J.: 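Would you mind keeping the following structure in view while I ask a few things?
Hydrogens, waters and symmetry mates play no part in the numbers below; they use all other heavy atoms, side chains included. One is the number of the first residue; the rest follow in order along the sequence. Bear in mind that the values here come from a model prediction, so they are computed numbers and not experimental data. All ligand and atom numbering here is 1-based and tracks the order in the structure.
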Amino acid sequence: IMSSELDIRNYFEFAKELALKAGEIFKCGFEGQKIVESKEHIWDLVTDYDKKIEDALIQNLKTKFPDHEFIGEETTATDKKKPELTDKPTWIIDPIDGTLNYIHSHPYTCISIALAICKELVIGIIYNPLTSELYTAMKGQGAFLNDKPIKTSNATELKNSLIELEVFSLQVTNTKNRDIRWGRLEAFIENTQAIRYSGSAALALAFVARGALDCLYMDRLQPWDVAAGVLIIREAGGSVVDTKGEESTGKELPELTDDPTWIIDPIDGTTNFIHGFPHTCIVIGLAIKKEM
Ligand code: IPD
Ligand code: CA
Ligand code: CA
Ligand code: CA
């Protein structure tokens with residue numbers, strides 16, 4: 001199942017055109033009537049357009065590339081089984097990231113499409129049809145916004161950084177989660193210049209790639225939320241790491257590069273933190289050329 005660079009470019013061109021076409025369906029639903037349903041939780045909403053867009057993307061890709069696999073939020077989640085990433089070329093699709101924004105006519109929402117081959121991300125496409133912003137990356141080829149190269153910011157200090165936190169989607173009915181969430185918020189408020197939260201993990205990743213955000217902290221996300229954005233950030237010169245600075249979930253999480261990389265544990269000892277036991281701290285590390 002080796003894919004040449006030419007194959008990948010071919011997949012990319014096809015997927016890019018498809019994303020632009022899917023953008024028309026996206027705009028139609030954004031401006032018009034949509035059917036809104038909730039999934040497992042009342043706040044976990046989905047529209048008929050999430051499904052329409054995912055179907056359009058998968059059907060077209062399947063017809064063109066019959067031996068490719070698919071992990072899509074609306075198809076995988078309803079299958080009730082965890083999607084498994086194999087070595088086969090696998091498209092990882094979030095038809096609408098920021099569905100809640102989409103439903104509320106808040107234009108910070110997008111389509112996210114990634115391709116992994118041999119468990120490695122090779123294509124990332126994030127498209128906001130409402131602002132006509134198309135973020136793209138192919139492995140080893142750099143990252144682009146509407147075909148112009150983009151770079152991550154060169155901020156080196158957290159206190160001068162505009163940071164986005166994607167921690168608000170933790171289930172609010174659970175007090176433990178609520179405390180963790182507030183704890184993280186507090187830690188970041190005290191150590192950064194300012195915090196943003198806009199409701200689309202994929203677009204937030206794209207904003208890091210273009211240098212509009214210096215840093216992004218997120219948790220409890222799914223592969224389709226991050227796959228495209230991770231590659232776009234890496235190709236824009238940035239890093240993505242877990243809270244231990246290590247590879248973790250999603251298999252395609254990055255290796256520590258030579259670039260200056262902040263490694264952050266906002267609350268080490270969360271259980272102590274929750275119980276008021278003062279054996280807890282904030283951990284911030286900086287690795288340059290993989291050295292702490
Ligand atoms: C959600 C968005 C949101 C994040 C949630 C995601 P969806 O994706 O990315 O910003 O905080 O965790 O589930 O459901 O709108 O595709
Ligand atoms: Ca969703
Ligand atoms: Ca999503
Ligand atoms: Ca979605």
J.: Compare all side-chain heavy atoms of T47 with those of I103 and state whether any distance is below 4.5 angstrom.
T.: yes

J.: Whether R184 engages the ring of F188 as a cation-pi pair (distance to the six-membered ring centre under 6.0 angstrom, angle to the ring normal within 45°) should be assessed.
T.: no

J.: Apply the test salt bridge (charged side-chain N to carboxylate O under 4.0 Å, His left out) to residues R9 and E5: give CA-CA distance (whole Å), side-chain angles for both, the deciding distance (0.1 Å), then the verdict.
T.: CA-CA 6 Å; R9 178 156 295 276; E5 224 167 84; over 6 Å; no

J.: Is the side chain of N101 donor-acceptor paired with the backbone N or O of S198 at a distance under 3.5 Å, no angle test?
T.: yes

J.: Please indicate whether any nitrogen or oxygen in A202 is less than 3.5 Å from any nitrogen or oxygen in ligand 1.
T.: no

J.: Once side-chain hydrogen bond (donor to acceptor under 3.5 Å, both in side chains) is applied, do any residues pair with T131, and if so which ones, sequence neighbours excluded?
T.: N128, E133

J.: Within a distance under 4.0 Å of any heavy atom of Y197, pick out the atoms of ligand 1 and give their elements.
T.: 11 (O)

J.: So, regarding I96 and ligand 1 (criterion: nitrogen or oxygen to nitrogen or oxygen, under 3.5 Å), is there a contact or not?
T.: yes

J.: Under 3.5 Å between some N or O of ligand 1 and some N or O of L221?
T.: no

J.: Between Y102 and Y49, how do the two ring planes meet: parallel, tilted or perpendicular, split at 30° and 60°?
T.: tilted

J.: Spell out, as yes or no, whether a donor-acceptor pair under 3.5 Å connects the side chain of K159 to the backbone of T192.
T.: no

J.: Using a 4.0 Å cut-off to any heavy atom of D94, which atoms of ligand 1 qualify?
T.: 16 (O)

J.: Pull up every protein N/O/S atom sitting under 3.0 Å from the Ca ion (ligand 3), skipping waters.
T.: D94 OD2, D97 OD1, D225 OD1

J.: Provide the number and element of each atom of ligand 1 under 4.0 Å from a heavy atom of E73.
T.: 14 (O), 16 (O)

J.: Would you mind running through ligand 1 and noting each atom that sits below 4.0 Å from a heavy atom of T99?
T.: 15 (O)

J.: Is a donor on one side and an acceptor on the other found under 3.5 Å between the side chain of N191 and the backbone of A187?
T.: yes

J.: Pull out every atom of ligand 1 sitting under 4.0 Å from any heavy atom of D97, numbered as shown with elements.
T.: 1 (C), 2 (C), 7 (P), 8 (O), 9 (O), 15 (O), 16 (O)

J.: Report the distance from atom CG of L213 to atom OG1 of T152, rounding to the nearest 0.5 Å.
T.: 11.5 Å

J.: Can you check whether W262 reaches S239 side chain to side chain, under 4.5 Å on heavy atoms?
T.: no

J.: Relative to ligand 1, is A201 under 4.0 angstrom through side chain, backbone, both or neither, heavy atoms considered?
T.: both

